[in-house]
Undergrad: 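Sending over a structure as C-alpha cells; questions will come in a sec.
Starting from 1, each residue takes its place in the sequence as its number.
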Amino acid sequence: MRQTTICRLRQSATVLLVLVLCACAGQTALDGTPPRGAQAPALRGALSPERSAQKLRSMITRNGLGNDASRGGAGYPVTADPPVSHPDEAPCIDRLFNPHTPPLESGQLPVGEFADYSDHPFNYKPPKNCSGPYAKIIFKMHFRVSAGVQYDRTGAVWIGATDVYFGTTSEPGQNASPQWDVERDVTDYAPIFAQPSTGQASVYNVVNSQYTSIIYGTAELDFYPATKKYPAARSADVVDPLSGGPDGGYVNLDAPTDQMTGTFTFPTNVEAAYLDVFLESQSDDEFWYTCFPNDLAQKLDNCGNTAFREGEVTVDGQPAGVAPIYPWIYTGGIDPYLWIPIPGVETLDFQPYRIDLTPFAAQLDDGNKHTIAVSVFNDDDYFAANATLLVYEDHGSTQVTGALVRDGTALSPAETVIEHVRFNKAGDASGTINVSATHPVSLQGYVITSKGRITTEVTQSVSFSNVQKIDVTSNRFFQNITQATTISSNTSTSRGGKHVKTQVQWSYPFNLRYNYVAGASGTATQTTNVLQAKSGSGLNEIRGRASSWTLLNTVSSSDTLNFTAGGFTPSNGKSRQQYKSLDVEGPCYEETIKSLNYVLTGKMTGC
C-alpha cells in the first residue's frame with residue numbers, strides 16, 4: 001500500500017521552475033531558448049561541445065534545420081530497433097489518447113497535442129471484456145512533429161503515477177515532419193492497469209512565432225490474454241511509483257544531495273523486490289561525459305564535476321544498489337545532423353536500469369514505513385528522474401520473516417581523477433584527463449516463506465573509465481574521449497538445496513572525437529565522430545540446465561558543420577546502426593542500417 005507522496009528533499013523555488021527544467025533535452029530558460037545574458041558565455045572563439053550546442057540552438061531558433069534535414073521527405077528518424085515480441089494472437093487494444101482526445105479541463109489543449117508547457121492528464125480505464133491474467137502487455141506510442149522550428153523535447157507518460165514511457169523527441173526540419181513509433185514491454189506492471197486511474201502525458205513544448213512545430217502523440221496499451229499456448233506471465237503483485245506527484249511527473253535532481261524518495265508500507269509477505277530507474281541528464285549535465293574537473297572547467301569554459309555520474313540507491317539510508325548512467329545523446333545533441341536519419345542508442349525510447357532489492361525483502365515485511373531513495377553522484381544540475389518499485393509476494397502466507405544478513409556495499413563510489421594537462425604562457429592547454437571509478441555491490445538476505453527458507457545473494461562489480469585527450473587554444477577546442485562502463489552481476493538464490501544462478505554482463509562503450517576550429521569573422525568548422533554501444537549477455541543456471549542471451553545495440557555517426565556569422569551547414573554526414581539479439585531458447589534478431597549525407601542508404605537483416 002502506498003502511504004506517502006513521492007518527494008524531492010530539496011525544494012524548488014516555484015512549481016513553474018520544476019516544470020520548465022524538464023521542458024526539453026538540454027534547455028533551461030523559461031521560454032525554451034538557450035540561456036542568455038549572465039547565464040551564457042560568449043559563444044565565439046574555441047567552443048566545447050556544451051558551448052557549441054548552445055550556439056547551434058541559438059541559430060536553430062532563428063533559422064531551423066535546413067533542407068538537408070528533409071532530404072528524402074519525412075524519412076527520419078529511422079532505427080534498427082526491433083518491436084517488442086508478443087504472442088501470435090490479436091490483442092485487446094486500450095486506446096489511451098490521440099491528438100483529438102478532449103482535455104479533462106476546459107480551456108486546455110487536447111491530450112495528444114503538445115504545444116504548451118503543461119501536463120496533459122487523461123482518464124485511464126482497463127480494457128472492456130478483457131480481464132487478465134495476460135501473457136504480455138505492451139505500451140505503444142506514435143509521435144509526429146510538424147515541420148518548422150523546434151528543439152528536441154523530453155517526453156513521458158504515466159498511468160497511476162507509474163512511468164510507462166520515457167524518451168525524447170526528434171527535431172524537425174523547415175520542410176521535414178519526422179514521425180516514429182515506440183514500444184515498451186510493461187507486463188511486469190500489470191497491477192496498475194487493473195483499475196481506473198488518472199494518466200498523465202508530459203511533453204513540455206513551446207509554440208510561438210519562433211518555435212513553430214507542434215508535437216503530436218497517439219498512445220495505446222495492447223493486452224494479450226493468457227492462453228494454453230501463451231501462459232500468463234508473472235507480474236509484480238504491487239507496483240509503487242517514485243514520481244513527481246499523485247498522477248506522475250518528473251523529479252529533478254539538481255545536486256548530489258538531492259534525492260528522489262518514496263516512503264511506503266509494504267505487504268507483510270514480500271518475497272522479492274526490484275527497482276526500475278530512469279536518470280536522464282539535462283542542462284549543465286547534458287554532456288556530462290565531456291566535463292572536466294572543476295579546476296580545469298573554470299579555466300577552459302567547460303562543464304565541471306568531472307566526467308563521471310552514477311545513480312545511487314538506498315533503502316532506509318542503507319546502500320542498496322547502483323544505477324549506472326547511460327550516455328544518451330538527444331537529436332539536438334552536439335550536432336543535430338549526426339542524428340539524421342539515425343538517432344543515437346535509445347534516444348527516442350529510454351530503457352530503465354533494474355536493481356535487485358530482494359535481499360531487503362525481510363526488512364520490508366515488518367509492517368513499518370520504509371523509504372527508497374535515488375540520488376546522482378557528481379550531479380551538477382541536473383537529472384530528470386523516475387523509478388518504479390516492483391514487489392512480489394508469497395501467496396502462501398500472510399507474514400514473511402527473515403533478515404538482511406550482509407550489506408557490503410559502499411554508500412558512494414571510489415572515484416580517481418588524474419590530470420596531466422599543461423598550460424603555456426598564452427593560456428593554451430593540452431594533455432590528458434583520466435577519471436575512473438569502482439563501486440562493488442555485495443548483499444545477502446533471506447526470507448522464511450510458505451515454501452521454506454529462501455536465501456538471495458547479489459554481487460556486482462561496477463567500473464567506469466573516461467580518458468580524455470584535450471588540446472584547447474584560443475581558436476581550437478579538441479577533445480578525444482574514450483569511455484567505458486562495465487557491470488558484472490551475479491545473483492544466487494537457494495531454497496531447500498536447490499540453487500538458481502544468474503550472471504549478467506553489461507558494457508556501455510562510448511567514444512567521442514570532437515574538433516572545433518574557429519576562424520575569422522564568425523566562421524568555424526566543427527568535426528565530430530561518435531560511437532555509442534550497449535552490449536549485454538546473460539546466463540541462467542537452474543537445476544543443471546543453462547540458458548543464455550546476448551544483445552548488441554551500436555550507433556556510429558560522423559559529420560562536419562561549417563559555421564558562418566549567420567548560420568551553419570552540414571557536410572559529409574555518415575551513420576550506421578546495428579542491433580542484434582539472440583536468445584538460445586528463442587528467436588534471433590539482427591538488423592543493420594546505414595546512411596550517407598542524411599539519407600538512409602542501406603538496410604540488412606538476418607542472423
Side-chain angles (χ1 to χ4, degrees), residues 23-27 32 53 56-57 59-61 63-81 83 98-99 112-115 140-157 165-184 201-207 210-219 328-350 530 532 555 557 559 568 570 573-577 579 591 593-601 603:
C24 58
Q27 306 303 316
L56 282 165
R57 286 162 180 160
M59 289 181 168
I60 289 172
T61 298
N63 304 316
L65 293 182
N67 291 330
D68 294 279
S70 58
R71 291 180 182 176
Y76 76 95
V78 182
T79 77
D81 300 0
N98 61 50
E113 180 182 337
F114 303 105
K140 294 182 178 182
M141 190 164 179
H142 177 78
F143 285 92
R144 181 176 67 85
V145 184
S146 61
V149 177
Q150 196 53 265
Y151 294 127
D152 47 4
R153 302 289 183 177
T154 294
V157 177
Y165 164 73
F166 201 161
T168 61
T169 66
S170 182
E171 289 198 356
Q174 293 173 340
N175 303 302
S177 173
Q179 54 184 316
W180 66 98
D181 296 286
V182 296
E183 296 186 2
R184 183 178 167 197
S202 298
V203 185
Y204 301 143
N205 194 20
V206 171
V207 177
Q210 279 188 315
Y211 311 103
T212 58
S213 295
I214 298 174
I215 301 169
Y216 300 97
T218 300
W328 292 314
I329 303 180
Y330 318 127
T331 60
I334 304 176
D335 170 356
Y337 288 96
L338 286 167
W339 318 116
I340 296 175
I342 302 172
V345 172
E346 296 182 1
T347 295
L348 305 176
D349 188 11
F350 303 153
V530 182
Q532 286 180 297
V555 173
S557 185
D559 189 51
F568 61 93
K574 183 179 180 181
S575 61
R576 178 182 185 271
Q577 181 190 11
Y579 193 108
E591 182 168 300
I593 55 177
K594 299 178 180 180
S595 77
L596 183 64
N597 292 327
Y598 325 106
V599 176
L600 193 68
T601 57
K603 177 179 178 181

Undergrad: List for me each residue that meets side-chain contact (heavy atoms from CB on, under 4.5 Å) alongside N98, sequence neighbours excluded, and say none if there are none.
TA: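 N98 satisfies side-chain contact (heavy atoms from CB on, under 4.5 Å) with H100, T101, T218 only.
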Undergrad: Which atoms form the tightest heavy-atom contact between T331 and T169, and what is the distance?
TA: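 In terms of heavy atoms, the two residues are closest at OG1-O, 3.1 Å.
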Undergrad: Could you list the residues that satisfy side chain to side chain donor-acceptor pair (under 3.5 Å) with Q532, not counting sequence neighbours?
TA: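 With neighbours one apart ignored, the set is empty.
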Undergrad: If you compare all heavy atoms of P343 against all heavy atoms of L348, which two are closest, and at what distance to 0.1 Å?
TA: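 Distance-wise, the nearest heavy atoms are CG-CD1, 4.0 Å.
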Undergrad: Might you work through the side chain to side chain contact (heavy atoms under 4.5 Å, CB included) test for Y76 and L600, ending with a clear yes or no?
TA: CA-CA 9 Å; Y76 76 95; L600 193 68; over 6 Å; no
Undergrad: For Y598 and G573, work out which heavy atoms get closest and say how close.
TA: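 Looks like OH-N, 3.3 Å.
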Undergrad: Quick one: side-chain contact (heavy atoms from CB on, under 4.5 Å) partners of S557, sequence neighbours excluded?
TA: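 If we apply the side-chain contact (heavy atoms from CB on, under 4.5 Å) test to S557, skipping adjacent residues, the hits are L338, W339, S575.
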Undergrad: Donor-acceptor check, side chain of S213 to backbone of S146, threshold 3.5 angstrom: yes or no?
TA: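 Judged by distance alone, yes, a pair lies under 3.5 Å.
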Undergrad: For E346, give me all partners under side-chain contact (heavy atoms from CB on, under 4.5 Å), at least two apart in sequence or on another chain.
TA: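 Scan of E346 (side-chain contact (heavy atoms from CB on, under 4.5 Å), adjacent residues dropped) gives W328, Q351, K534.
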Undergrad: What is the minimum heavy-atom distance between N175 and A147, and which atoms define it?
TA: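 Minimum heavy-atom contact is C-CB, 3.9 Å.
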Undergrad: Given the rule in the side chain to side chain contact (heavy atoms under 4.5 Å, CB included) test, do E591 and I593 qualify, once you have shown the distances and angles that lead to the verdict?
TA: CA-CA 7 Å; E591 182 168 300; I593 55 177; 3.9 Å; yes
Undergrad: State which residues pass side chain to side chain donor-acceptor pair (under 3.5 Å) with D335; sequence neighbours excluded, sorted by chain then number.
TA: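 Partners of D335 under the side chain to side chain donor-acceptor pair (under 3.5 Å) test: none.
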Undergrad: For F143, check ring pair (Phe, Tyr, Trp, His ring centres under 6.0 Å) against everything at least two apart and list the hits.
TA: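 Result, ring pair (Phe, Tyr, Trp, His ring centres under 6.0 Å) vs F143: Y165, W180.
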Undergrad: Report the residues that fulfil side-chain contact (heavy atoms from CB on, under 4.5 Å) with S202, sequence neighbours left out, ordered by chain and then residue number.
TA: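 Expected list: D119, W158, Q200, Y204, Y250.
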Undergrad: So, do I60 and E171 sit near enough that their side-chain heavy atoms are less than 4.5 Å apart?
TA: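 A side-chain contact exists here, since the closest heavy-atom pair is under 4.5 Å.
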Undergrad: Could you check T168 against F350 for side chain to side chain contact (heavy atoms under 4.5 Å, CB included), going step by step and ending with a plain yes or no?
TA: CA-CA 8 Å; T168 61; F350 303 153; 3.7 Å; yes
Undergrad: With R576, which residues qualify under salt bridge (charged side-chain N to carboxylate O under 4.0 Å, His left out), at least two apart?
TA: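 Listed in chain order: nothing, the list is empty.
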Undergrad: Between V555, V530, V345, which is the residue that forms a side-chain contact (heavy atoms from CB on, under 4.5 Å) with I329?
TA: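 Exactly one candidate clears the test, V530.
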Undergrad: Tell me, please, which residues at least two apart from D81 pass side chain to side chain donor-acceptor pair (under 3.5 Å).
TA: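 Side chain to side chain donor-acceptor pair (under 3.5 Å) list for D81, sorted by chain: Q577.
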Undergrad: For Q150, what residues pass the side chain to side chain donor-acceptor pair (under 3.5 Å) criterion, not counting sequence neighbours?
TA: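 Here the qualifying residues are R153, N205.
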